[in-house]
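Since the structure comes first, as structure tokens, the remarks are kept for the end.
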Protein chains: 2
Amino acid sequence: MPDPSTLRALRRHGDDRLFLTGRKLREGAELMFFAYRAFTSDPDRILDEKGYGRAHHRTLHFIGRRPGISVAGLLDILGITKQSLARVLKPLVEDGLVDSVPGQKDRRQRLLTLTEEGRAFEGALSEAQRERLSRAFRAAGPEAVAGFRDVMALMIDEDARDDILSMVYDAPDAAE
Amino acid sequence: MPDPSTLRALRRHGDDRLFLTGRKLREGAELMFFAYRAFTSDPDRILDEKGYGRAHHRTLHFIGRRPGISVAGLLDILGITKQSLARVLKPLVEDGLVDSVPGQKDRRQRLLTLTEEGRAFEGALSEAQRERLSRAFRAAGPEAVAGFRDVMALMIDEDARDDILSMVYDAPDAAE
DNA sequence: AGTTTTATGTCAACGGTCCTGACATAAATC
DNA sequence: GATTTATGTCAGGACCGTTGACATAAAACT
């Protein structure tokens, strides 16, 4: 533990150990804002051309991640109402990007998968985002990425964290 | 450099050195989504009660950060059209949260500052967010926070990065 | 002095994304 | 047979962004 005079010196020089000041927190909040805006800007452009929005991207993404997911499962992940999802999902099915088939065990369910075309479009959307993330990760280095991952995970509500993280990390991982 | 068999072992065990795989990038993208959703959830609740939205929060935040900022300056930071800003800014001025005074040098400009009430409200909004950030930072530790900061900064478009970062880091910092 | 540019405000119309409330259907379950 | 569950859909509304067009006042230019 640094003694008081060391602390004062650190404060003057902005040492890493002082990372919980109001100032650092404000900087963190602003970085969240600007980074997220940049992060969503690439796919937004592609989506615009096709007349879709961010919600379509998220829907395609999580169906791609969990092929055969039910509508209820998707609602859980997205955290929206079924009416909101319907307006997004219906065009995707009609446009042939998503397949919706009744479940075999429970025929009330509609199990969702991407069509070939859906996979291709989702791939194009994610491509831009992965590009950006990849550039940032490469430039920052592995340790920074580990830190990024930790902070992001800890930002999630503690109640929901385990569920979300197990979903994020324990994936079918078909693309590798 | 690890030899091929070590690489295989690392892949199996998810070592830090492999941080640019498609899988890690997908995980990063999903963390961005879930963390940002959590990040905005707290102020959203407070704003709802007052009949405001996220846009009002951002507006109050950046006026608070740059007292005396012009409308054009604010538009630059927010990246929206003046019509969009007007719909947000007008109620804030009418409700007495923001002061709008003509510039002395250039009387066409409207220079914006938070009123006492505006500062209080903005403080309450940021409080929840700072709380969340603070918890995450404390639990993650200083090195993780440094990594988080690096990755977030590198996510921003290279053209805009310097401008944005100088705005984020070089602040009046009145609150300390 | 007169023209042009700049900073701002405002009206109208529209699109995307979310919401709540209400109702309908089919299938599973009790 | 009654109830619960999974899903779909209609109606209406809120917020937040857009574009286009026009207006005003002040600054800057020729």
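Letters go in sequence order (proteins before strands), and every chain restarts at 1. We use all heavy atoms of the structure for the numbers below, so side chains are in, but hydrogens, waters and symmetry mates are not. Keep in mind the model is a prediction, meaning the values are calculated, not measured.
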Any side-chain N or O of [X] less than 4.0 Å from the OP1 or OP2 oxygen of [N]?
X	N	value
Thr81(A)	dC19(C)	yes
Arg110(B)	dT6(C)	no
Ser84(B)	dC16(D)	no
His56(B)	dC15(D)	no

Given atom [atom1] of [X] and atom [atom2] of [N], what is their separation to the nearest angstrom?
X	N	atom1	atom2	answer
Leu47(B)	dC18(C)	CG	C1'	15 Å
Leu78(B)	dG17(D)	CG	P	8 Å
Arg45(B)	dC15(D)	CZ	P	18 Å
Leu74(B)	dA7(C)	CG	C1'	14 Å
Leu111(A)	dG8(D)	CG	C1'	16 Å
Arg54(A)	dC16(D)	CZ	C1'	11 Å
Arg37(B)	dC18(C)	CZ	P	10 Å
Asp44(A)	dG15(C)	CG	C1'	14 Å

Tell whether Lys90(A) reaches the base of dG8(D) with its side chain through a donor-acceptor pair below 3.5 angstrom.
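A donor-acceptor contact between them is absent.
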**Q.** Residues Arg135(B), Glu158(A); criterion salt bridge (charged side-chain N to carboxylate O under 4.0 Å, His left out); working and verdict
**A.** CA-CA 11 Å; Arg135(B) 273 197 309 271; Glu158(A) 202 173 353; over 6 Å; no
If you check every side-chain atom of [X], which of [options] has the closest atom?
X	options	value
Arg87(A)	dG17(D), dC18(C), dT9(D)	dC18(C)
Gln83(B)	dT7(D), dT19(D), dC18(C)	dT19(D)
Ala72(B)	dT7(D), dC18(C), dT8(C)	dT8(C)
Ile80(B)	dG17(D), dT9(D), dC19(C)	dG17(D)

Check: Going by distance alone, is a donor N or O of one side chain under 3.5 Å from an acceptor N or O of the other, for Ser134(A) and Arg138(A)?
Finding: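 Checked: Ser134(A)/Arg138(A) side chains pair up, N/O donor to acceptor below 3.5 Å.
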Given 3.5 Å as the limit, does a donor-acceptor pair link the side chain of [X] with the main chain of [Y], or not?
X	Y	result
Arg149(A)	Leu31(B)	no
Arg23(A)	Tyr169(B)	yes
Asp95(A)	Leu97(A)	no
Thr40(A)	Arg37(A)	yes
Thr59(B)	Leu89(B)	no

| said: Once you apply a heavy-atom cut-off of 4.0 Å, does Gly73(B) come out as touching a base, just sugar-phosphate, or nothing? | reply: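 It contacts nothing in the nucleic acid.
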- [ ] Report, as yes or no, whether the 6.0 Å neighbourhood of atom CD on Glu94(A) holds more than 12 heavy atoms from other residues, nucleotides or ligands.
- [x]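 More than 12 within 6.0 Å, yes.
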Legend entry - DNA chain C: 5'-proximal contact among Tyr52(A) and Lys82(A) (nearest heavy atom):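 Upstream on the strand: Tyr52(A).
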Practice item. Assign the ring pair Phe33(B) / Phe62(A) to parallel, tilted or perpendicular, where the plane angle (0 to 90°) is split at 30° and 60°. Key: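 Phe33(B) and Phe62(A): tilted rings.
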Next on the checklist: Classify the ring geometry of Tyr36(B) against Phe39(B): parallel below 30°, tilted from 30° to 60°, perpendicular beyond 60°.
Outcome noted: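 Ring orientation of Tyr36(B) relative to Phe39(B): tilted.
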Table of protein N/O atoms under 3.5 Å from nucleotides 25-30 of chain C N/O atoms:
| unit_1 | atom_1 | unit_2 | atom_2 | d |
| --- | --- | --- | --- | --- |
| dA28(C) | OP1 | Arg107(A) | N | 3.3 |

Fill in: End-to-end axis angle, where each axis spans five pairs of the helix from dA1(C)-dT30(D) to dC30(C)-dG1(D), to 10°
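The angle separating the two end axes equals 20°.
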